[in-house]
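I have placed the structure first, in the form of structure tokens, so that the comments after it can refer back to it.
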Amino acid sequence: MRWSQTFIPTHKEDPADAEIISHKLMVRAGLMHKLSSGVYTYLPLGLRTIKKVEQIVRQEMNAAGAVELLMPIMQPSELWRETGRWDVYGKELMKVKDRQNRDFALGPTHEEVITDLIRGQIRSYKRLPLILYQIQTKFRDEIRPRFGVMRAREFVMKDAYSFHENEASLDETYQRMYQAYTRIFQRCGLSTAPVMADSGAIGGDVTHEFMVLADTGEGEILSCECGYAATAEGAQSQLAPYKVEEKIKSMEKVETPEAHTVEQVTQFLNIDARRLVKTIFYRCDEQIIAILIRGDREVNEAKVHRILGCSTLEMATAEEILQVSGAPVGFSGPVGLKGMQMIADLSLKGLANIVVGANEDQCHMINVNFPRDFTVKRFEDLHLAQAGDLCPSCGKILTSRRGIEVGQIFKLGAKYSKSLKAKFLDQNGKESPFIMGCYGIGITRTVAAAIEQYHDQDGIIWPMTIAPYQVLILPLNVSDEMTMAAADGFYKQLVDAGLEVLLDDRDERAGFKFKDADLIGIPLRLTVGERSLRQGKVEVKLRRQNQVIKVDRDKAVSMIREMISEERLASEKS
RNA sequence: CGGGGCGUAGCGCAGUCCGGUAAGCGCGCCUGCUUCGGGAGCAGGAGGUCGGAGGUUCAAAUCCUCUCGCCCCGACCA
């Protein structure tokens, strides 16, 4: 492709609305253009890389036994009501109406559609397992789109779904997908870490996220030297031991004027936050429940959600809290709290003489002890794990890193097949729901993650496998006939050799073109200039390296071919 | 949805507090000359209903009201 014929609008300055490097570079290098918040046009250069990633995904999915199909973006609301997700997915769902005023969702994911398809088509275990996938634009009405394509409202995703007759078959496919994902990201040149995760709105029990390690990542990973790794939300953790060794005292009510946050109360009473127990109310579907947790810890709502098995979970409002506890927010406690389910986090174990809200404005209770002063029937792991907690598998200390989630795989079990009544007949002629798995990769996010991982102050440094072009030919002076004749010649030879080549035929000064070359990050640059040509040479340079290699012009093509296959191997191995 | 901020030329910004010679700068774009191996110099030029709608005023980018959009910080997820 000749630069002058394509459309690569590069920019010298960072866009004002970009925060992270990948967003800045994707705009500056002319990969994409924002239309609206979280909505982007993929320009020719950006699209080429997206297609490269898609191709790798296709190859690996096909190799893993999955088959591609394409489902509709527009999905009737009835299907979503059947699974209950019309409400559960809630505001994230991009909803539209047709002219008959019928509700549709723009697909954020396709469990409903695929399960509906299969329930009508597959009745026998003989057709299982079946793995289907698609690569498609997804819509999610994100509360806050940000970081360019990293959290967009419209983005490209590969989603795969598998159907099985039993758990064992699902396990096998899950493993195969796990391996396929590992290979996919490896081939994209990314170093990813599979970590255990929470399943969120998709549901299911076992799930792994594939994270690209990056400080700008939105996900927190807790890991241990023993190999345990999980997202903060998905992590189990043991708390570092804290046991109060003192005589049980008698409960007392004290006034704590204007002290309604943990910080204020602990300061006022001059106690460790670990002596305080927070009582947090949630509305779980229609019911209000109370969670008790140690003052220094946060509730992991995902865990609460999973344990209660409710479909919606929200923090109770101030009015609801006043209604159930009799006191404004900040003064609630378990003592005397009636008629409601109360679950305590494991962090309460070992505590004595604790401080809790008195369910009375401006008052707390001190020296509270259970089961003397209140009873808790149920203890669960509900706290958000954090660095410094102990590894659930070996007991050593967990450390924290950040990452970008580029893929996630789930064992769904029968969640969707049950709610959509998708059943098959097993060998015994017995009807049972399909056992399902689902597997997603954020294609556009993967591209952004690659840039996060591979860039320098001058621009992008594409891994060879996903670069929009493999070679950039840069003639220094396009009005010099000898230079252009040579550049054109190389272009033809390289294209004939099956390479993807961009020829910068713009009539610009050399320095300007070098800057653009670095910005768009084509891995291999072939510089053609009068001076070198007179010595029978051209210059070859890798974007990721500093040194320029002078090479005889008749050896250049074979050398480039060699370097490209080496780079390809290098990026696949990294 | 709460809290904060911003909308002035394709991009990045100043001007707004204190209404009137503030429609301005840099990049980019066009023309010409010079230059030509790391974002060139000079000269000339095109381009803006100052997000939109009302209002106040002799006079509004500037003040008021409403509205739309965008960004950042918190609860979501590939």
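Fair warning: this is a prediction, and the values are worked out from it, not measured in the lab. Sequence lines set the chain letters: A, B, ... in the order given, protein chains first and strands last, and positions in each chain run from 1.
- When heavy atoms are screened at a 4.0 angstrom cut-off, A:Glu142 is found touching base atoms of the nucleic acid.
- Residue-level contact check: A:Asp17 touches the backbone only, with heavy atoms under 4.0 Å from sugar-phosphate atoms and none from bases.
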Which donor-acceptor pairs under 3.5 Å do side chains of residues 483-491 of chain A form with protein atoms, sequence neighbours excluded?
| unit_1 | atom_1 | unit_2 | atom_2 | d |
| --- | --- | --- | --- | --- |
| A:Thr483 | OG1 | A:Asp480 | OD2 | 2.5 |
| A:Asp488 | OD1 | A:Arg2 | NH2 | 2.7 |
| A:Tyr491 | OH | A:Met1 | N | 2.3 |

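- Using a 4.0 Å cut-off between charged side-chain N and carboxylate O, A:Arg146 and A:Glu218 make a salt bridge.
- Ion pairing of A:Asp345 with A:Lys303 is absent here, as no side-chain N (NZ or NE/NH1/NH2) approaches a carboxylate O to less than 4.0 Å.
- Heavy atoms of A:Lys34 sit under 4.0 angstrom from primed sugar atoms or phosphate atoms, though from no base atom.
- The partner of B:A75 is absent, by the rule that a Watson-Crick or G-U pair needs both atom distances under 3.5 Å.
- The CD atom of A:Glu298 sits 9 Å away from the P atom of B:A75 (whole-angstrom rounding).
- Base pairing annotation: B:G28 forms no Watson-Crick or G-U wobble pair, as no partner gives both donor-acceptor distances under 3.5 Å.
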Protein N or O to nucleotides 23-32 of chain B N or O, pairs below 3.5 Å:
| unit_1 | atom_1 | unit_2 | atom_2 | d |
| --- | --- | --- | --- | --- |
| B:G26 | N2 | A:Glu13 | OE1 | 3.1 |
| B:C27 | O3' | A:Lys12 | NZ | 3.4 |

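- The nearest whole Å value for the distance from the CG atom in A:Leu190 to the C1' atom in B:A78 is 14 Å.
- Pairing partner, B:G48: none, since no Watson-Crick or wobble contact has both distances short of 3.5 Å.
- Sorted by residue number, the members of residues 19-32 of chain A with any non-hydrogen atom under 4.0 Å from RNA chain B read A:Glu19, A:Arg28.
- Searching all strands for a Watson-Crick or G-U wobble partner of B:C70 with both distances below 3.5 Å returns B:G5.
- Across the strands present, B:G19 finds no partner; the criterion is a Watson-Crick or G-U wobble pair with both atom distances under 3.5 angstrom.
- In this model, the phosphate group of B:C70 is approached by a side-chain N or O of A:Ser36 to a distance below 4.0 Å at OP1 or OP2.
- Rounded to whole Å, atom P of B:U35 lies 15 Å from atom CG of A:Asp507.
- Going from atom CZ of A:Arg506 over to atom C1' of B:C36 covers 15 Å, rounded to whole Å.
- Partner of A:Arg151 under the salt bridge (Lys or Arg N to Asp or Glu O under 4.0 Å) criterion, out of A:Glu405, A:Glu92, A:Glu142: A:Glu142 alone.
- Residue A:Arg509 places no side-chain N or O under 4.0 Å from the OP1 or OP2 atom of B:G37.
- Taking the nucleotide of RNA chain B with the nearest heavy atom to each of A:Glu405 and A:Pro15, the more 5' of the two is matched to A:Pro15.
- For B:C77, the base has no donor-acceptor partner in the side chain of A:Arg140 [N/O atoms by modelled type, under 3.5 angstrom].
- The nearest whole Å value for the distance from the CE atom in A:Met150 to the C1' atom in B:C76 is 16 Å.
- A:Asp516 comes within 4.0 angstrom of a base, heavy atoms only.
- Counting only distance, with no hydrogens or angles, the side chain of A:Thr49 and the backbone of A:Ile466 share a donor-acceptor pair below 3.5 Å.
- Where A:Met157 and A:His33 meet RNA chain B, the nucleotide closest to each residue was compared, and A:His33 sits on the side nearer the 5' end.
- Within 4.0 Å of A:Arg144, counting heavy atoms only, lies at least one base atom of the nucleic acid.
- A:Ser532 comes within contact range of at least one nucleobase, with a heavy-atom separation under 4.0 Å.
- Stacking between A:Phe155 and the base of B:A78 is present: ring centres sit under 5.5 Å apart and the planes differ by under 30 degrees.
- Phosphate contact (OP1/OP2 of B:A78, side-chain N/O of A:Thr444, threshold under 4.0 Å): absent.
- Within the 4.0 angstrom heavy-atom criterion, base atoms lie near A:Ala152.
- Among the protein residues, A:Ile441 comes within range of no part of the nucleic acid, since none of its heavy atoms lies under 4.0 Å from any strand.
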